[in-house]
A.B. asks: 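Before I ask anything, here is the structure I am working with.
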Amino acid sequence: NNCLLEEYNEKDLNEDLQNKINETNSFLNKYNVSVGYQEPVTKFTYKYNENKVYYAASTIKMLDALYIYDKASKGEIDLNSTITYQSKHLRGASIKMGKKSYGDKIKIKDLVSYAVIYSDNIAHAMLLDYIGKANLREYGRSLGAKYTLDSDDFGEITVNDALIYLEALNKYLNTNTENAKELKSYFVNSEQNYLNFPDNNIEAVQKYGEYDVYYHENGIVYVEKPYLVSILTLHGKNEKIIRDINSKMLELHNLFILNRKSRCQNILEN
């Protein structure tokens, strides 16, 4: 067990794994993308084009949700308290809040569900107004992210920052409290979830971001040993590209897990 859980190190980088990394790099060369992967227990990490900065679009809503639920777990926010919908919050692409009227009082947890499941922009505006842009920026920076909300209300992102957000979200969801289960259900049931593998009943926690040529998906894929993945693209909304890239991440993940088990088994036998 100690062997299985130990942090990734040079003993793991055998010829098979190096060849798979090279193969993955070659595969990604045909796309205009950045990709990040991490096995959260051992910290085995793969990154491609990691320093490229993208418009974050609605991926920032993952941080909205994490901030709210993290503060709720510490007793600093009541998820059932309400925020009043005002004209200043009006935004396009708001499938749920677009049916509401100014003056309506909406529960905070409902706003989080709208922002995560439907990527509702009014819900994001209301949550950001409630949290405070400076506070959310500082929260992202406190986690270790570099580009949180540097510009407008959506900001920029790299796969480095995305993996930092995902690591924090994974840690929170693994507390397995009722609030964590509730939040996880929002992400699992989110629209445009192309990180799951429905044919194999594999779920994924996911939040997409879409604007013009920018299309991204960040999430946690729940195979036997879950992994974190960030796919940032300049190809517009393209389900096939996301699914093809994530399939390559799953191949890399499975090979690493198989090699680690084999190495640990050899230690046990010898």
A.B. asks: Hey, are D70 and K74 close enough for a salt bridge, meaning a charged N less than 4.0 Å from a carboxylate O?
C.D. replies: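 Here D70 pairs with K74 in a salt bridge, since their nearest N and O are under 4.0 Å apart.
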
A.B. asks: Check step by step if side chain to side chain contact (heavy atoms under 4.5 Å, CB included) holds for H89 and M97.
C.D. replies: CA-CA 10 Å; H89 299 134; M97 284 302 303; over 6 Å; no

A.B. asks: Which value, rounded to the nearest 0.5 Å, describes the distance between L252 atom CG and M249 atom CE?
C.D. replies: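 Those atoms lie 6.0 Å apart.
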
A.B. asks: Evaluate the side chain to side chain contact (heavy atoms under 4.5 Å, CB included) criterion for residues I60 and L63: first the C-alpha distance (whole Å), next the side-chain angles of each, then the deciding distance (0.1 Å), finally the verdict.
C.D. replies: CA-CA 5 Å; I60 192 63; L63 197 62; 4.1 Å; yes

A.B. asks: Side chains of I83 and I106, heavy atoms from C-beta outward: is any pair under 4.5 Å?
C.D. replies: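 I83 does not reach I106 side chain to side chain.
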
A.B. asks: Any luck finding a side-chain donor-acceptor pair between Y67 and N135 under 3.5 Å?
C.D. replies: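 Judged by distance alone, the side chains do not pair up.
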
A.B. asks: Does the distance from a Lys or Arg side-chain N to an Asp or Glu carboxylate O, for K225 and E39, drop under 4.0 Å?
C.D. replies: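 Between E39 and K225 there is no salt bridge, as every charged N stays at least 4.0 Å from the carboxylate O atoms.
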
A.B. asks: Working to the nearest 0.5 Å, report the span between CD1 of I245 and CG of L250.
C.D. replies: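 Those atoms lie 14.0 Å apart.
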
A.B. asks: Is the shortest side-chain heavy-atom distance between N254 and I257 below 4.5 Å?
C.D. replies: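 No; the side chains remain at least 4.5 Å from each other.
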
A.B. asks: So which of Y54, Y208, Y211, F154 actually passes ring pair (Phe, Tyr, Trp, His ring centres under 6.0 Å) with H216?
C.D. replies: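 With H216 as partner, ring pair (Phe, Tyr, Trp, His ring centres under 6.0 Å) holds for just one option, Y54.
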
A.B. asks: State the CG-CD distance between L232 and E156, to the nearest 0.5 angstrom.
C.D. replies: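 CD of E156 is found 12.5 Å from CG of L232.
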
A.B. asks: Report the relative orientation of the aromatic rings in Y69 and Y172; use parallel for angles under 30°, tilted for 30 to 60°, perpendicular for over 60°.
C.D. replies: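 Taking Y172 first and then Y69, their aromatic rings stand perpendicular (interplane angle over 60°).
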
A.B. asks: Under a 4.0 Å threshold between the charged nitrogen and the carboxylate oxygen, would E251 count as salt-bridged to K248?
C.D. replies: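 E251 and K248: salt-bridged.
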
A.B. asks: Might you work through the side chain to side chain contact (heavy atoms under 4.5 Å, CB included) test for R91 and H124, ending with a clear yes or no?
C.D. replies: CA-CA 9 Å; R91 303 288 189 280; H124 169 60; over 6 Å; no

A.B. asks: Once rounded to the nearest 0.5 Å, what's the spacing between atom CD1 of I131 and atom CZ of R137?
C.D. replies: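 It is 13.0 Å, given to the nearest 0.5 Å.
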
A.B. asks: Measure the spacing between CG of L4 and CD of Q265 and express it to the nearest 0.5 Å.
C.D. replies: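 Answer rounded to 0.5 Å: 9.0 Å.
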
A.B. asks: Out of curiosity, K61 NZ to N218 CG, how far, rounded to the nearest 0.5 Å?
C.D. replies: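 One finds 13.5 Å between NZ of K61 and CG of N218.
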
A.B. asks: Ignoring hydrogens and geometry, is there a side-chain-to-backbone donor-acceptor pair from S94 to G92 under 3.5 Å?
C.D. replies: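 Indeed, once roles are kept as given, a pair shorter than 3.5 Å links the two residues.
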
A.B. asks: Is a salt bridge present between E6 and R263, judged by a nitrogen-to-oxygen distance below 4.0 Å?
C.D. replies: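 Answer for the salt bridge query: yes.
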
A.B. asks: Do you know which of F256, Y46, Y227 makes ring pair (Phe, Tyr, Trp, His ring centres under 6.0 Å) with Y37?
C.D. replies: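 Answer to the ring pair (Phe, Tyr, Trp, His ring centres under 6.0 Å) test with Y37 among F256, Y46, Y227: Y227.
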
A.B. asks: Determine whether the aromatic ring centres of F44 and Y8 lie less than 6.0 Å apart.
C.D. replies: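 For F44 and Y8, the ring centres are under 6.0 Å apart.
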
A.B. asks: Residues two or more places apart in sequence or in another chain: which of them pass salt bridge (Lys or Arg N to Asp or Glu O under 4.0 Å) with E76?
C.D. replies: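 K71.
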
A.B. asks: Assess the residue pair Y48 and N29 against the criterion (side chain to side chain contact (heavy atoms under 4.5 Å, CB included)); give the C-alpha distance rounded to whole Å, side-chain angles, the decisive distance to 0.1 Å, and a yes or no.
C.D. replies: CA-CA 9 Å; Y48 176 86; N29 278 337; 2.8 Å; yes

